[in-house]
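Whatever order the structure lists ligands and atoms in, that order sets their numbers, starting from 1.
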Amino acid sequence: MANKEIPYKIYLNESEMPKYWYNLRADMKNKPAPLLNPGTAKPMTAEELGGVFCEELVQQELDNDTREYPVPQEILDFYKMYRPSPLVRAYCLEKKLNTPAKIYYKFEGNNTSGSHKLNSAIAQAYYAKKQGLKGVTTETGAGQWGTALSMACAYFELDCKVFMVKVSYEQKPFRREVMRVYGADVTPSPSMTTRIGQKILSEHPGTTGSLGCAISEAVEVAVGTPGYRYVLGSVLNQVLLHQSVIGMETKIAMDKYGIRPDVIIGCAGGGSNLGGLIAPFMGEKLRGEADYRIVAVEPASCPSFTRGVYAYDFADTGMVCPLAKMYTLGSDFIPAPNHAGGLRYHGMSPILSQLYNDGLMEAVSVPQTRVFDAAETFARTEGILPAPESSHAICAAIDEAMKCRETGEEKTILFGLTGTGYFDLVAYQKYHDGLMDDYVPTDEELAKFRARLPKV
Ligand SMILES: *Cc1c(COP(=O)(O)O)cnc(C)c1O
């Protein structure tokens with residue numbers, strides 16, 4: 001097959017599309033650590049989790065053994081609207097870099113929500129509908145997850161209540177409006193509609209909110225409203241399971257043409273796109289069938305892998321969620337204003353954390369202005385306006401390709417292009433006007449937050 005002419009963009013036929021999600025945990029010798037009940041420090045049971053999350057999603061969350069999950073037909077039908085996503089050879093970027101490396105990217109931005117998050121949003125909405133629920137609640141920071149969930153809920157006619165961090169609600173009115181097109185009820189957080197919101201507003205009048213606070217409000221409403229559950233767009237095992245569709249499509253497309261990546265690169269916020277992209281490749285690595293270098297890229301301002309610790313921590317600032325063992329900077333770590341909103345999370349997927357701890361993958365951090373340099377090089381060569389989050393992966397891929405130029409190696413580099421940047425033009429504006437800084441937290445600052453980790 002390897003001598004087939006390789007198209008510029010590889011799309012799978014309907015018959016070639018993956019029919020199941022791949023559960024990487026089944027092949028992990030060291031399983032990710034279980035979520036703990038913050039009150040008892042005992043592993044969360046299905047019953048406890050079922051008060052907050054949908055039943056089948058709880059089962060997926062706890063299942064470390066089932067290798068393949070058939071994708072329900074209703075979800076396959078929805079995927080047809082925007083999948084397969086293209087696997088693209090970045091010829092123009094290669095030419096510009098004058099590198100012998102071959103660069104491929106898997107582009108997940110070709111849907112209205114503008115990112116890969118729709119892959120899991122539709123799955124979570126499906127299971128909520130199947131359970132006969134009336135609706136779901138969630139939080140959104142920059143807005144990508146809220147938009148994806150709104151689309152998914154509209155498709156299955158579910159109510160969708162989104163708590164949007166107030167500063168984003170005010171600064172990103174267009175994202176908010178897209179959510180409302182899809183029928184979501186969007187509330188700026190903190191709000192007076194929840195007890196926790198009222199408390200925070202009375203203690204900190206004028207606060208512009210945080211992701212942690214929005215999570216606490218969304219969970220309070222889900223738990224307190226009959227027929228509602230809470231859903232989350234990253235970090236959780238179930239989300240990585242759904243996102244494996246990215247890696248499955250990529251692997252099938254590469255195998256079809258005999259392409260084998262040497263390095264696989266992805267940006268890492270909570271770890272869902274990277275966990276999804278690498279899943280089948282990491283599976284081969286875990287089973288000893290092949291070897292790949294796998295690289296997570298994070299912002300230097302929020303360096304969970306490269307400067308965090310592997311420990312149990314709260315998943316949210318409000319400390320209402322279960323404890324997760326992960327690479328973390330501390331749940332009250334507040335990253336400096338950074339324009340990749342989707343990467344400003346203090347923790348990391350427990351699955352990726354375990355793999356990183358076991359030396360099965362690497363991580364690098366990159367400063368913000370270098371990320372935007374890379375974004376612009378990419379936009380000017382490959383045509384796509386990339387999301388700032390995705391541009392972290394572009395930056396690391398360019399660095400790899402430049403190393404190949406020095407050594408003459410013809411490496412094959414694969415990276416995940418998670419989304420488009422049309423709603424991030426204020427960030428691009430700051431970059432163009434020279435107003436973007438490269439703040440990096442000091443060791444002393446990080447130590448302060450680390451000292452406040454829960455003692456488990
Ligand atoms: C949310 C988001 C990310 C980061 O989330 P992960 O869970 O780490 O994948 C990356 N890129 C885009 C475009 C996003 O919207």
Are Y20 and Y69 an aromatic pair by the rule of ring centers under 6.0 Å?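 No - the distance between ring centres of Y20 and Y69 does not fall below the 6.0 Å cut-off.
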
Which ligand 1 atoms are under 4.0 Å away from a heavy-atom of [X]?
X    : result
L343 : 4 (C)
S115 : 13 (C), 15 (O)
S234 : 6 (P), 7 (O)
C267 : 10 (C)
G269 : 8 (O)
E389 : 10 (C), 11 (N), 12 (C)

Any chance OH of Y8 has more than 12 other-residue heavy atoms, nucleotides or ligands included, within less than 6.0 Å?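 Atom OH in Y8 is packed in, count exceeds 12.
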
Decide, yes or no, whether a salt bridge links [X] with [Y] under the criterion of side-chain N to carboxylate O below 4.0 Å.
X    : Y    : answer
E284 : K251 : yes
D27  : R67  : yes
D291 : R260 : no

Counting non-hydrogen protein atoms only, what is the nearest one to atom 4 (C) of ligand 1? Give residue, atom name and distance.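 Atom 4 (C) of ligand 1 sits closest to the protein heavy atom G342 O, 3.4 Å.
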
Is the closest heavy atom of H116 to ligand 1 under 4.0 Å?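 Contact present.
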
Heteroatom distance test (G270, ligand 1): nitrogen or oxygen, under 3.5 angstrom: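 N/O-N/O distance under 3.5 Å: yes.
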
Looking only at distances, please establish whether an N/O atom of ligand 1 is found under 3.5 Å from an N/O atom of V235.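 Between V235 and ligand 1 (N or O atoms, distance only) the closest approach is not under 3.5 Å.
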
Among Y127, F53, W145, side-chain contact (heavy atoms from CB on, under 4.5 Å) partner for V231: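 For V231, the side-chain contact (heavy atoms from CB on, under 4.5 Å) test succeeds with only one of Y127, F53, W145, which is W145.
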
Which option out of L240, L417, T418, L274 puts a heavy atom nearest to atom 13 (C) of ligand 1?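 Heavy atom nearest to atom 13 (C) of ligand 1 belongs to T418.
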
Check whether E217 reaches the backbone of F163 with its side chain - one donor and one acceptor, N or O, closer than 3.5 Å.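 Checked: no pair found.
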
For ligand 1, is any non-hydrogen atom under 4.0 Å from K117's backbone (N, CA, C, O), its side chain (CB onward), both, or neither?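 Near ligand 1, K117 shows its side chain, while the N, CA, C and O stay back.
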
For ligand 1, the portion of A268 having any non-hydrogen atom under 4.0 Å away: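 Under 4.0 Å from ligand 1, A268 contributes backbone atoms alone.
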
Has R450 got its NZ or CZ under 6.0 Å from the middle of the six-membered ring of F333, at an angle within 45 degrees of the ring axis?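 No; the conditions do not both hold, so R450 does not lie above the ring face of F333.
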
How many angstroms lie between atom CG of N273 and atom CG of L417, to the nearest 0.5 angstrom?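 The distance works out to 10.0 Å.
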
